[in-house]
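Each remark here refers to the structure printed beneath this line.
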2 protein chains.
Amino acid sequence: MSLQKYQALITSIECGSITKAAEVLGYTQSGVSRMIQELEKEWNLSLIERSKSGVFLTSDGFKLFDQMKRICNEQLILSQYIDDLNDCQSGLLRIGVFSSVATHWLPNIMKRYKNDFPNIQIELLLGDYTEIEEWILEGRVDFGFLRLPANQKFETLSIEPNDRLMVILPQNHPLVDCEKFPMQKLEEYPFILLEKGVNAEISRLFEQNKIHPQINFKTWDDYAIMSMVENGLGISILPELILSRIPYQIVAKELDTPYYRNIGIAMRSQRNLPKAAKQFLEYLPYRKE
Amino acid sequence: MSLQKYQALITSIECGSITKAAEVLGYTQSGVSRMIQELEKEWNLSLIERSKSGVFLTSDGFKLFDQMKRICNEQLILSQYIDDLNDCQSGLLRIGVFSSVATHWLPNIMKRYKNDFPNIQIELLLGDYTEIEEWILEGRVDFGFLRLPANQKFETLSIEPNDRLMVILPQNHPLVDCEKFPMQKLEEYPFILLEKGVNAEISRLFEQNKIHPQINFKTWDDYAIMSMVENGLGISILPELILSRIPYQIVAKELDTPYYRNIGIAMRSQRNLPKAAKQFLEYLPYRKE
DNA sequence: AACATGATAAACATTCGTTATTATTATACT
DNA sequence: AGTATAATAATAACGAATGTTTATCATGTT
């Protein structure tokens, strides 16, 4: 049972000769002759009539010919798919992202990638860290963005530059002109906390520095926070990534002790990544972990 | 490249486990594992993700999965066709026939055959001896009816009983009551000669017996001859086969030296005949040549 | 007679599929 | 929590099966 045998028979019929088919297919005459015999033996049917001036189908062969051709044709299509995948002429790319990456960071990269590989279909699955982790484990996505360090099971790449946490002030805030925002001063003003799923890096920053700000609001909505800060309801801390092209009258200040949200890419195995995904990684400013 | 490998991968995905797939397919776990690896190596792609709780498709694998399934499915259909051909649940039967066989002899046999094998498609190609010979040589028909002896290239079977040549008389003919018609008497009455293509057996009968009848008409039309004889325009000789259920007021007499038209079946090779055709031969009253 | 066709036998090469084993991880049970 | 057990897949080595070739034969066509 083998497609090469089908092809041998098909070509022999189309050439009207086993010898010619052998030339076309790059076998010897003997090889093609035997392939067809093997089919006939295996199926207990006589498929072709032989003569000294060539070969042609028997009635039984005729009945099966189209189906054999169909199978070979489907195989040809499969081979084409494979070739396309190998040179990224086709492919599916499933990426797990969280909001800020999807909104502020990826679009630019996707644009460049799409330009070079227009036939790759990209699916962004938007979720929080926990969901993205699950998706990677389950194979729902090829890779995902996570906060590093991530689950030991994953291979990870660190995105550069890391995402600085910035203090957000209204434009009329007393410290608006300071060089860097002193950590301790965070306790002195009403604070609006970004809290999104298990994304607790800001709370941890407080713990590590033993700071206890006056937390007036908690929300998961970046833009709500910026709006609230603009309106003088308090100050906040947001990852720099979120702050690109902000439509709000607010000021972002570095902390005196800089703090980073380390964003990375995680996957089960970089080696097993589809070609399209490997290619995509080339467009990211990452460094090996 | 092999369908079994596709099936190994498909079943592994459907079972979610290489081990289970191996059980289902009757391979060892090791075998299935290697088959999939061989596909991946051959295509330079990673098709599945392995884990300790089973396997699932990568994006690339996902892209190819349906096409692999399609191919396996087409193969299944082909196998079904083959099985059907082998037990005559399906098939094509192309028979070369000449008029009298098609009209007077085959229908009865075809009816019994069709009854037993209703799914075999029968094509009758009507022609004269020369055409039928060509069709057999070209493989246009599986076998054909010919006058024996036939071309040396053919394998032949003789139909029994042979087709007696009968003298046809009008009902008021002087010799209507004789036991057998004396050969010499043929010269004494106007004669209507059946001459159809190269079908010259009656002329040859005359030559062999050195008889020179008064040939008034020649025609290839059996029924015209019967009609002419009925109307007293002469006498004739026709093969007995044509005379079954004649709608004419005529009398058929055996010759005093009986003469036969030996009808037979000819084919390139009895061994290479499609199953359906071999089966059909069983319905014919033939004897080996 | 020369050429072209397909079949066959024997030798060689490759692939297939197994057994036995290793490695890893999930699960069950103290 | 730690340990034993079971389940998963990968790997190496090997023999069997299959695939393919070379060389040759047999037969018919030109």
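In the text below, chain A, chain B and the rest are named by the order of the sequence lines, each starting its count at 1.
Across D:dA10, C:dA9, C:dT5, the shortest atom-to-atom separation from the side chain of A:Lys20 is found for C:dT5. When distances are taken from the side chain of A:Glu38 to each of C:dT18, D:dG19, C:dT8, the shortest belongs to D:dG19. You'll find that the side chain of B:Arg50 is closest to D:dA9, out of C:dC16, D:dA9, D:dT27. Of the candidate nucleotides D:dT11, C:dT8, C:dG17, C:dT8 has the atom lying nearest to any side-chain atom of A:Arg34. Nearest nucleotide to the A:Lys5 side chain, out of D:dT20, D:dG19, D:dA10: D:dG19.
Atom-to-atom, CD of A:Glu40 to C1' of C:dG6 comes out at 12 Å; the value is rounded to the nearest Å. Atom pair A:Leu3:CG and D:dT18:C1' shows a separation of 15 Å (rounding to whole Å applied). In this structure, A:Glu49 places its CD atom 13 Å from P of C:dG6, rounding to the nearest Å. Note: OH (B:Tyr27) to P (D:dA16) measures 19 Å, nearest angstrom. In this structure, the CD1 atom of A:Ile48 is 14 Å from the P atom of C:dT5, given to the nearest Å. Spacing between atom CD of A:Glu23 and atom P of C:dT5 amounts to 8 Å, rounded to whole angstrom units. The nearest whole Å value for the distance from the CD atom in A:Gln4 to the C1' atom in D:dT20 is 11 Å. Taking atom CZ of A:Arg268 as the reference point, atom P of C:dT24 lies 16 Å away to the nearest angstrom.
Within the structure, salt bridge (Lys or Arg N to Asp or Glu O under 4.0 Å) contacts touching residues 44-60 of chain A (residues at least two apart or in different chains) are A:Glu40-A:Arg50, A:Glu49-B:Arg268.
Under the 3.5 Å distance criterion, with hydrogens and angles disregarded, no donor-acceptor pair is assigned to the side chains of B:Arg94 and A:Thr58. For A:Ser158 and A:Asn262, the side-chain atoms include at least one donor-acceptor pair closer than 3.5 Å. Checked by atom type, the side-chain pair A:Arg271/B:Ser46 shows no donor-acceptor distance below 3.5 Å.
Note: B:Phe143 and B:Phe145 have perpendicular aromatic rings, judged against thresholds of 30 and 60 degrees for the angle between ring planes. Using bins of under 30°, 30° to 60° and over 60° for the plane-to-plane angle, the ring pair A:Tyr129/A:Phe98 lands in the perpendicular bin.
Residues from residues 9-19 of chain A with heavy atoms under 4.0 angstrom of DNA chain C, sorted by number: A:Ser17, A:Ile18, A:Thr19.
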Worked verdict on A:Phe154 versus A:Trp135 for ring pair (Phe, Tyr, Trp, His ring centres under 6.0 Å): CA-CA 12 Å; A:Phe154 297 141; A:Trp135 293 339; over 10 Å; no
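Judged by distance alone with a 3.5 Å cut-off, a donor-acceptor contact links the side chain of A:Gln29 to the base of C:dA7.
For the pair B:Gln37 and D:dT11, the criterion of a side-chain N or O lying under 4.0 Å from OP1 or OP2 is met.
In terms of position along DNA chain D, the nucleotide closest to A:Met35 lies nearer the 5' end than the nucleotide closest to the other residue of the pair B:Lys153 and A:Met35. Both A:Ser30 and A:Ser53 lie close to DNA chain C; mapped to their nearest nucleotides by heavy-atom distance, the more 5′-ward contact belongs to A:Ser53.
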